[in-house]
Amino acid sequence: MIKIVPEVLWLSWLWILVPVLCCLFASRTLLHYFQLESYQFPGYFRTLWRNKKNSFMPGVCAVVVSLLATVVLPLPAMALNSKFLGYAYLVLILPIAVAGGLLIAKLFRPKNAKKKFVITARVKRLYVVHAIVMLLISRLLAEFYATMYLFVAWPLFLPLIVALSGLLAWPIEKAISECYFRDARRKLLANDRLIRIGITGSYGKTSVKHILGTILSEKYPTLITPASFNTPMGVSRAIRERLTPSYQVFVGEMGARHVGDIKEMCRLVKPTIGIITSVGPQHLETFKTIDRIAGTKYELIEGLPQEGSHCYFYDDGAYCTQMYEKTQKTKVLCGRDPEKSDCWCDKVSVSQLGSTFTLHIRNKGSIECHTKLLGEHNIQNILLAAAVASDLGLSLRQISHGIEKLQPVKNRLELITRPGGFTIINDAFNSNPVSSRAALQVLKDFPQRRIIITPGMVELGEKEADYNYEFGKAMAGCVDIAIIVGKKRVQPIIDGLKEAEFDERNIHRVDSLNASTALLHSMVRPTDTVLYENDLPDNYEEA
């Protein structure tokens, strides 16, 4: 074969840029997965393994495009031994590389992504580091190999190169996040009269945050972290962008996927009030054991000052109760037992229209309350918020008025009714063994027919199949039609339904949410109630 060896250095770089430019665009899906996993390496590698086709095929296709551009297309110029055609080709191959990368990105990006790839400032910095890493790899391999075409094979390792880029960018991001972190903490602590509240738990923390914010607003200007902003960077952003001197209370939601996460959140918020809503197997995939989950949640209580702090727990008869018992700081227990609890309720009536109950607060009295929120588990959340509000000086009437105002949190047992149409219970935000059972009990209170659409539960580690099996069994007594969304992961749910002797003619398995929607509209009646229980993140979709 006749080779064209560029005589000018900048032309030789064009050969090297071909796989780099192609991979810069072809990496889009991999960078999306990295973003979905909050730039955490263990989660990123698990996502690669779950989505092998979308993870590894972009690199394979990038090799094909690079070989096509550097070997096949220049053959006419080589055959003619034309230096002019060779130089002209070298200038034209870069658009070919870009077009190939864009096509690869389009072919292998998650279809109908629920959470779009957002080009944030962090992603832009990661792209720069990623480009430099690929350029160096391409250049080094081009120098190393005697035949200049062999160096285009490195895109086969594109998923690992993305991880390497993320690792090299980490010190930069750490320095930037620390600056934002310190600025947010300075702003938060500048007002020494600001009441700072931290909320954590395996489930219920977002609901308690919204409930508490609504009730406290009856007396205090209150800022709660928006949506599910519960990471150090998310909470820092909320503080920096939204906190003003007019606020008297700040409520920060604290999420955790690893040991030490809550401790880091306490370093930011410096709370004087701590609320633990629950302890369960959520994120068991990363924590490995529930004991480690409980220990991480308790970091909130450990982070409170010894003097002047208040701790709030729900009497679950398990981990939260144990935490309450071992806590030496000022503490409050909420529950259903008036002998043990400082805040409790009775005369509970739950229906498809909401709930009514009598709220009791020790040494403060009692009051009748009504809420539009569905499910008895939401009363648990209200009790925690009511106990905090009472200690902060709200009257029982103010608390009851705030409870009356409560609105469902979006995608959390959100009731959607349309005149002449079927009823939807939207509980699609996430799901765990406790919340899924609560959702089933809510659905059970509605008249037949009751339809569930669910992909099951994830992030439950080695016990995921067992939990989904039990979910299927519990489902059998609460629904009339089950539409199960997914492939291999959902088989335990179907097995649980069959074990409970659910009519197999009413079990429908589909591959995607779009397919479930099409199936639903082919069978639904105006009097039906449809529960959407969980909606998997894009990185958990089965290809």
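Values in this document were obtained by computation on a predicted structure and should not be read as measured data. The first residue in the sequence is number 1, and the count goes up from there.
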If you define the side chain from C-beta out and look only at heavy atoms, does anything of [X] sit under 4.5 Å from [Y]?
| X | Y | value |
| --- | --- | --- |
| Ile453 | Val485 | yes |
| Ile290 | Pro281 | yes |
| Glu173 | Tyr39 | no |
| Pro271 | Cys266 | yes |
| Ile104 | Phe108 | yes |
| Thr244 | Ser246 | yes |
| Phe313 | Ile301 | yes |
| Cys334 | Gln380 | no |

Side chain to side chain contact (heavy atoms under 4.5 Å, CB included) between Leu373 and Ile211, worked out | CA-CA 10 Å; Leu373 301 186; Ile211 293 168; 3.9 Å; yes
Does NZ or CZ of Lys106 lie under 6.0 Å from the centre of the six-membered ring of Phe25, at an angle within 45° of the ring axis?
->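 That pair does not qualify as a cation-pi contact.
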NZ or CZ of Arg237 within 45° of Phe229 ring axis and under 6.0 Å |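 The answer is no; the distance or angle limit is not met.
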Please give me the minimum heavy-atom distance between [X] and [Y], naming the atom from each residue.
| X | Y | answer |
| --- | --- | --- |
| Pro433 | Ser436 | O-OG, 3.1 Å |
| Leu304 | His310 | CD1-O, 3.7 Å |
| Tyr532 | Leu513 | CE2-CD1, 4.3 Å |
| Gly213 | Ile224 | CA-CG2, 3.8 Å |
| Pro19 | Ser138 | CG-OG, 3.8 Å |
| Tyr247 | Leu223 | CD2-N, 3.5 Å |

Taking the side chain from [X] and the backbone from [Y], do they hold a donor-acceptor pair closer than 3.5 Å?
| X | Y | answer |
| --- | --- | --- |
| Thr225 | Gly252 | no |
| Lys52 | Trp49 | yes |
| Lys331 | Thr327 | yes |
| Lys205 | Gly255 | no |
| Thr277 | Tyr203 | yes |
| Ser177 | Lys174 | yes |
| Thr47 | Tyr33 | no |
| Asp427 | Arg412 | no |
| Lys405 | Thr214 | no |
| Lys329 | Cys311 | no |

I need the [X] [atom1] to [Y] [atom2] distance, nearest 0.5 Å.
| X | Y | atom1 | atom2 | value |
| --- | --- | --- | --- | --- |
| Met323 | Leu333 | CE | CG | 13.0 Å |
| Thr272 | Lys270 | OG1 | NZ | 12.0 Å |
| Glu264 | Glu299 | CD | CD | 10.5 Å |
| Ile119 | Arg28 | CD1 | CZ | 7.0 Å |
| Lys297 | Ser202 | NZ | OG | 5.0 Å |
| Leu30 | Arg109 | CG | CZ | 13.0 Å |

Count the heavy atoms of every other residue, nucleotide or ligand shown that sit under 6.0 Å from [atom1] of [X], and state whether that count exceeds 12.
| X | atom1 | value |
| --- | --- | --- |
| His258 | NE2 | yes |
| Arg125 | CZ | yes |
| Tyr180 | OH | no |
| Lys463 | NZ | no |
| Lys372 | NZ | no |
| Arg242 | CZ | no |

Dump the intermediate steps for salt bridge (Lys or Arg N to Asp or Glu O under 4.0 Å) on Arg186 and Asp183, then the final yes or no.
-> CA-CA 5 Å; Arg186 176 196 58 75; Asp183 182 58; 2.8 Å; yes
Audit row: Glu464, Arg489, salt bridge (Lys or Arg N to Asp or Glu O under 4.0 Å) steps and yes/no | CA-CA 9 Å; Glu464 182 175 294; Arg489 183 187 294 112; 3.7 Å; yes
Using a strict cut-off of less than 4.0 Å between a Lys/Arg side-chain nitrogen and an Asp/Glu carboxylate oxygen, indicate whether Glu37 and Arg46 qualify as a salt bridge.
->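 No, Glu37 and Arg46 are not salt-bridged.
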Would you call Glu302-Lys263 a salt bridge at under 4.0 Å N-O?
->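 Salt bridge absent between Glu302 and Lys263.
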Could you check Arg267 against Arg185 for side chain to side chain contact (heavy atoms under 4.5 Å, CB included), going step by step and ending with a plain yes or no?
-> CA-CA 8 Å; Arg267 188 168 74 90; Arg185 185 173 60 185; 3.5 Å; yes
Could you verify whether a donor N or O on one side chain and an acceptor N or O on the other, from [X] and [Y], lie under 3.5 Å apart?
| X | Y | result |
| --- | --- | --- |
| Asn381 | Asn378 | yes |
| Asp391 | Tyr312 | yes |
| Glu253 | Thr206 | yes |
| Ser390 | Lys364 | yes |
| Asp316 | Thr321 | yes |

Check whether the ring centres of Phe41 and Phe34 lie less than 6.0 Å apart, and answer yes or no.
->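 Between Phe34 and Phe41, which both carry aromatic rings, the centre distance is below 6.0 Å.
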Verdict with reasoning, Met254 to Ile199, per side chain to side chain contact (heavy atoms under 4.5 Å, CB included) = CA-CA 6 Å; Met254 300 181 175; Ile199 301 176; over 6 Å; no
Classify the angle between the aromatic ring planes of His32 and Phe117 as parallel (below 30°), tilted (30 to 60°) or perpendicular (above 60°).
->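 If you compare the ring of His32 with that of Phe117, the planes turn out tilted.
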So Ile275 and Ile197, side chain to side chain contact (heavy atoms under 4.5 Å, CB included) or not? Walk me through it.
-> CA-CA 8 Å; Ile275 306 169; Ile197 302 174; 4.0 Å; yes
